A.B. asks: 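Got a structure here, written out as structure tokens. Questions coming.
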2 protein chains.
Amino acid sequence: MSAAPNPQQNHLLAALTNEVLERLLPHLELVDMPLGMVLYESGDTLRHVYFPTDSIVSLLYVMESGASAEISVVGNDGVIGVALFMGGESTTSRALVQSAGSAYRVLGKRFKEEFNRHGDMLQLMLRYSQALITQMAQTAVCNRHHSIDQQLCRWLLLSLDRLRDNKLAMTQELIANMLGVRREGVTEAAGKLHRQGVIDYSRGLITVLDRAKLESLSCECYAVVKRETDRLLP
Amino acid sequence: MSAAPNPQQNHLLAALTNEVLERLLPHLELVDMPLGMVLYESGDTLRHVYFPTDSIVSLLYVMESGASAEISVVGNDGVIGVALFMGGESTTSRALVQSAGSAYRVLGKRFKEEFNRHGDMLQLMLRYSQALITQMAQTAVCNRHHSIDQQLCRWLLLSLDRLRDNKLAMTQELIANMLGVRREGVTEAAGKLHRQGVIDYSRGLITVLDRAKLESLSCECYAVVKRETDRLLP
DNA sequence: GGCTGTCTGTGCGCTACCGTACAGATATAA
DNA sequence: TTATATCTGTACGGTAGCGCACAGACAGCC
């Protein structure tokens, strides 16, 4: 939160025409997003739509057993709360702040007013929804076919793209929850990356040293999602 | 295909108001959907939107290595080609006919004309999209945490719900492709179900004998998706 | 300083699933 | 009938990841 927050830091808000943005601005509320904050739980009626500026939010699914897995990750490239305009009002996932920062939020009711004008906002939200679908689909196959080593690389890259610098405040325990694996599995994978000089870390602070190497060690899933997202939301 | 095909066999078409349906009817084309037919490949520009009556279509992701995994399954409860109205025109997945039958299709252009009236069709498609998102998310976590045995049960139930009778024309090889596992893994899981009297099968024809048992052996994922789908699309 | 809680590293047996190989069974074609 | 392709069953070694247990490292607090 070094720079003063600005709605335009969120790519979706920045992509709106001035006309739409100016209608929305009075309803935008800047909120602090501390690590671990839960925006909503599975089944909750959504009250707001969130546009992160420098924070990152994970859409996390928690099972009956308590085991969890990340479905999608949203930063300044997206919005949290698509279920609001989809018409469902709630989802089966939890939205959890994975990297602290800030976000702009709008009351669901106000947001729907703009959405229901069936103009730019509708088009933009539809395209974003497809990007979200792509990411979820890729997560599903990645969970099926790729090793923890590869998935950790993918996950680091996804987070990195949504941050200003190359540092992530994140313990291995939390990463394990996101990936839906054991903490020890993350420790081993991170150890390998460390030995190869790709990352450095200590007590919850990860520094990426060699992004190119990270990309080469990642599975195809990162690149596929990035390419498709860039295509849908230029 | 015993009964004469009728657009109303598709739940989404049946949910439309008469006004909308009558506008759409002249553009609906009944098509045969043979097993193995590919409606579109990853990256293809979608030409039609498909509303299955008694056929079942799998949205399948195929990776660089050739390995695959099913992302979602669509029958008379849904529609294939959401990317058309989302604005992307293409997706990263393949649409494959998993159970033969028929479907009604509409040219993308005609469909978008109705969609862009921003009436019932828009609302319905948005709600369906959320149901699709729910299914994909559940698939992702299921791939991470559940055994082949459980997933086979889930998969059989999903298929069963979209068929008229309790018979599936499906080889173990094909099921393995859908689940993204080895064919031998499916053979073993199916063998267990057979020994328990839950299913019977031979050479590509599976008969479900004890649906209740199947549900009890399945992971929670089936019920979660069904409950949420019923909520979104009553 | 010492105490305590959190984070990371490591080891070990276990299981599910994979890759591979091959054999038997059943349908279709010659 | 025989031949061939397809489908299913079984076996076996290899391995990635799990559950569990515990040890060391580092930070903050008293």
Side-chain angles (χ1 to χ4, degrees), chain A residues 35-36 63 65-70 98 140-156 167-196 198-207 217-219, chain B residues 35-36 63 65-70 98 140-156 167-196 198-207 217-219:
Chain A
L35 176 64
M63 305 208 308
S65 67
S68 63
E70 187 182 72
Q98 174 218 305
V141 288
C142 196
N143 280 351
R144 163 65 57 214
H145 292 291
H146 296 141
S147 67
I148 294 186
D149 291 4
Q150 293 175 302
Q151 293 190 48
L152 176 59
C153 293
R154 174 186 61 105
W155 191 88
L156 288 172
K167 295 188 199 316
L168 290 94
M170 202 69 196
T171 66
Q172 299 183 351
E173 176 86 45
L174 291 177
I175 296 178
N177 286 340
M178 301 295 168
L179 297 183
V181 300
R182 282 184 321 153
R183 194 267 312 163
E184 292 89 332
V186 174
T187 300
E188 270 193 66
K192 288 185 202 168
L193 291 179
H194 188 208
R195 267 168 259 138
Q196 293 176 85
V198 179
I199 64 172
D200 199 356
Y201 59 93
S202 85
R203 296 187 72 75
L205 188 67
I206 302 172
T207 309
L217 291 172
S218 168
C219 47
Chain B
L35 178 63
M63 305 208 308
S65 68
S68 62
E70 188 181 73
Q98 175 219 304
V141 287
C142 196
N143 281 349
R144 162 66 58 214
H145 293 290
H146 296 142
S147 68
I148 295 186
D149 290 4
Q150 291 176 303
Q151 293 191 48
L152 176 60
C153 293
R154 174 187 62 106
W155 192 88
L156 288 172
K167 293 188 202 312
L168 289 94
M170 203 68 194
T171 66
Q172 299 185 349
E173 175 86 46
L174 292 177
I175 297 178
N177 286 339
M178 301 295 169
L179 297 184
V181 299
R182 284 184 320 154
R183 193 268 311 163
E184 292 87 334
V186 174
T187 300
E188 268 192 68
K192 288 185 202 168
L193 291 179
H194 187 209
R195 266 168 261 136
Q196 293 176 86
V198 180
I199 64 172
D200 200 356
Y201 59 93
S202 82
R203 294 187 72 74
L205 188 66
I206 302 172
T207 309
L217 292 172
S218 168
C219 46

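Note that this is a predicted model, so its numbers are computed, not measured. In what follows, chains are A, B, ... by sequence order, proteins preceding strands, each numbered from 1. The analysis underlying the following values was restricted to heavy atoms, covering all of them including side chains, and did not include hydrogens, waters or symmetry mates.
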A.B. asks: Can you pull the contact range of chain B along DNA chain D, 5' to 3', using atoms under 4.0 angstrom from its heavy atoms?
C.D. replies: D:dT6 to D:dT10

A.B. asks: Flag the pair B:V181 / B:V186 as yes when at least one side-chain heavy-atom distance between them is below 4.5 Å, and no otherwise.
C.D. replies: yes

A.B. asks: Short of 4.0 Å, heavy atom to strand atom, which residues of residues 167-177 of chain B count as contacting DNA chain D?
C.D. replies: B:T171, B:Q172

A.B. asks: Between B:Q151 and A:R144, do the side chains contain an N or O donor and an N or O acceptor separated by less than 3.5 Å?
C.D. replies: yes

A.B. asks: Using distance alone, with no hydrogens and no angle criterion, decide if B:Q150 and B:S218 have a side-chain donor and acceptor under 3.5 Å apart.
C.D. replies: no

A.B. asks: For residues A:M63 and B:V141, determine if any side-chain heavy atom of one lies less than 4.5 Å from a side-chain heavy atom of the other.
C.D. replies: yes

A.B. asks: When you compare the side chain of A:D200 with that of A:H194, does any pair of heavy atoms fall below 4.5 Å?
C.D. replies: yes

A.B. asks: Do A:Y201 and A:K167 touch side chain to side chain, with heavy atoms closer than 4.5 Å?
C.D. replies: no

A.B. asks: Hey, does A:D149 have a side-chain heavy atom less than 4.5 Å from the side chain of A:L193?
C.D. replies: no

A.B. asks: Rounded to the nearest 0.5 Å, what separates atom CD in A:E184 from atom CD in A:E173?
C.D. replies: 8.5 Å

A.B. asks: Going 5' to 3' through nucleotides 13-24 of chain C, assign each nucleotide B (protein heavy atom under 4.0 Å from a base atom), S (under 4.0 Å only from sugar-phosphate atoms) or - (no protein heavy atom that close).
C.D. replies: ----SBBBB---

A.B. asks: Report yes if some heavy atom in the side chain of B:R154 is under 4.5 Å from a heavy atom in the side chain of B:C219; otherwise report no.
C.D. replies: yes

A.B. asks: Heavy atoms, side chains only, cut-off 4.5 Å: are A:I175 and A:L168 in contact?
C.D. replies: no

